[in-house]
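Structure first, commentary second.
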Amino acid sequence: MGDRLYLRHSVDEQADARQKHALAALLAAGAPVYEDPATSSRVLCLERTGFQRLLDEAAVGDTIRIAGAARLFRSVADIIALRPVLIRRGLHLRVESGLLSGIDLASDDPGTKMMVSVLAAVLEFQRDMISESTREGVAVAAASGKTLGRPAALDEDQAAGVVEAYRDGVAVKALARQYDVSPKTIRRVLDDAGAREVPDFEEVLADEGVELAFLAEVSGAAANPVLVVDVPGLVAEHLQTATEDVSIRYSLAAGQSVRRGQGYSVRVTAPADVHQAMVAASAGLMKSPAGRKARRIHTGRVTTAYDRVTAAGMEP
């Protein structure tokens, strides 16, 4: 059981200094640090790269320490999504300064639940007030004729050239290299011009490295057997926020949590096509080593369950 420090940076240098001051003793002791840049507070903590890495590396009993609650969450939705994840993983969450110092915010007792919900509501109100002031400032600036936002990466002539070249068969990555921008910028220009067709399902899966042979096997089967598969906790948590597929969400909600060493899985009983959809929807996990491992394990379990059922010639 150890301490893991989380810092979410701010454009305000004083806010960063306060974080480091509150965590000074732990920083000096060499506790591992996980950081995220100054992102919008509307981005849930579970979606931030640094915090995701912390969760991937944390062990049961570890304590996540933050300088202030607002550095981790600033909405009711954020803390409601976060607390069950921490509780299932056996992690603690403590604030190092202010009135909440010394309280485990991941505790599952009714008093802590109420206190955390009230705190999140206050922080959300504070954030909304800041946003309202910002919008008013932007409106005043726009009315006075000031140009808002960062300049476009490509001017109108360059954007027209991108569209023309793409229609002539030049690949997106080649255009990105030619104009010294990211492929995402090129795709945005093409989409704004309506020049890019939406790739079909198999293209998307191929881009993400999904095992197409397995998907084709399941899709082409005459039957759609019911499979019982233990979905790794990391995959289950990703799917809860990464997909709006009702069948996936319902199957996970109806699943049973199974403790596996320091982690856990969700035992899901669902038709093969739902498990197939889960494999496809978890492609976003390929960005991190832990995510790739969890997804590989999940895909292997689905494949094994499907092979076992079809070999037996009946559903479990």
Side-chain angles (χ1 to χ4, degrees), residues 6 8 34 36-37 39-58 72-89 91 183-184 187-188 191 198-212 214-215 218-219 227 229-258 263-303:
Y6 177 73
R8 182 170 69 86
Y34 303 83
D36 277 312
T39 55
S40 168
S41 57
R42 292 188 183 276
V43 178
L44 299 184
C45 58
L46 293 175
E47 299 173 359
R48 299 179 198 145
T49 303
F51 193 72
Q52 288 176 345
R53 188 166 64 87
L54 187 158
L55 291 178
D56 290 345
E57 298 178 6
L72 183 58
F73 59 87
R74 294 195 74 169
S75 72
V76 175
D78 207 352
I79 191 62
I80 287 177
L82 172 64
R83 274 174 48 81
V85 173
L86 298 181
I87 292 169
R88 285 197 302 267
R89 296 189 178 208
L91 301 176
K184 183 177 180 180
R187 286 192 290 269
R188 187 185 302 117
D191 289 343
V198 177
D200 62 27
F201 181 65
E202 288 193 357
E203 286 181 13
V204 173
L205 295 179
D207 286 344
E208 298 294 349
V210 176
E211 294 74 3
L212 291 178
F214 158 68
L215 293 176
V218 177
S219 299
L227 308 179
V229 177
D230 286 354
V231 181
L234 186 60
V235 175
E237 290 165 11
H238 173 80
L239 291 173
Q240 287 168 352
T241 58
T243 180
E244 297 296 328
D245 189 315
V246 176
S247 61
I248 291 178
R249 287 178 170 270
Y250 175 81
S251 298
L252 288 170
Q256 176 186 3
S257 292
V258 179
Y264 78 100
S265 295
V266 178
R267 184 159 295 164
V268 174
T269 303
D273 59 358
V274 174
H275 289 290
Q276 171 191 348
M278 289 186 185
V279 171
S282 65
L285 289 171
M286 299 296 287
K287 297 176 182 177
S288 71
R292 287 194 292 271
K293 179 180 179 181
R295 187 167 181 271
R296 185 170 62 250
I297 292 172
H298 176 222
T299 303
R301 289 175 182 171
V302 174
T303 305

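Given the structure is predicted, the values throughout are model-derived calculations rather than measurements.
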If you round to the nearest 0.5 Å, how far is [atom2] of [Y] from [atom1] of [X]?
| X | Y | atom1 | atom2 | answer |
| --- | --- | --- | --- | --- |
| K293 | L285 | NZ | CG | 14.0 Å |
| H238 | T243 | NE2 | OG1 | 8.5 Å |
| T269 | H275 | OG1 | NE2 | 7.0 Å |
| I297 | S265 | CD1 | OG | 8.5 Å |
| Q276 | T303 | CD | OG1 | 11.0 Å |

Examine distances only and state if a side-chain atom of [X] and a backbone atom of [Y] form a donor-acceptor pair shorter than 3.5 Å.
| X | Y | result |
| --- | --- | --- |
| R267 | S257 | no |
| Q52 | L46 | yes |
| H298 | V235 | no |
| R301 | V229 | no |

Heavy-atom side-chain contact between Y250 and V274 under 4.5 Å: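 Result no, sub-4.5 Å side-chain heavy-atom pair not found.
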
Side-chain heavy atoms of L55 within contact of L91, under 4.5 Å: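 Yes, side chains in contact.
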
[X]: what forms a side-chain contact (heavy atoms from CB on, under 4.5 Å) with it, not counting sequence neighbours?
| X | result |
| --- | --- |
| K287 | none |
| T49 | D36 |
| D56 | L234, S288, A290 |
| R53 | Y34, E57 |

Sequence-distant partners of R88, salt bridge (charged side-chain N to carboxylate O under 4.0 Å, His left out), two or more places apart: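 Partners of R88 by the salt bridge (charged side-chain N to carboxylate O under 4.0 Å, His left out) criterion, ordered by chain and then number, come out as E237.
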
Residue list, side chain to side chain donor-acceptor pair (under 3.5 Å) with S282, at least two apart or on another chain: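 For S282 the side chain to side chain donor-acceptor pair (under 3.5 Å) partners, ignoring immediate neighbours, are R295.
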
Restricting to non-hydrogen atoms, name the atom on [X] and the atom on [Y] that form the minimum distance, rounded to 0.1 Å.
| X | Y | answer |
| --- | --- | --- |
| V268 | S251 | CG1-CB, 3.7 Å |
| V266 | L252 | CG1-O, 3.9 Å |
| L227 | V302 | CD1-O, 4.2 Å |
| A236 | V231 | N-CG1, 3.9 Å |
| P232 | A294 | CG-O, 3.6 Å |

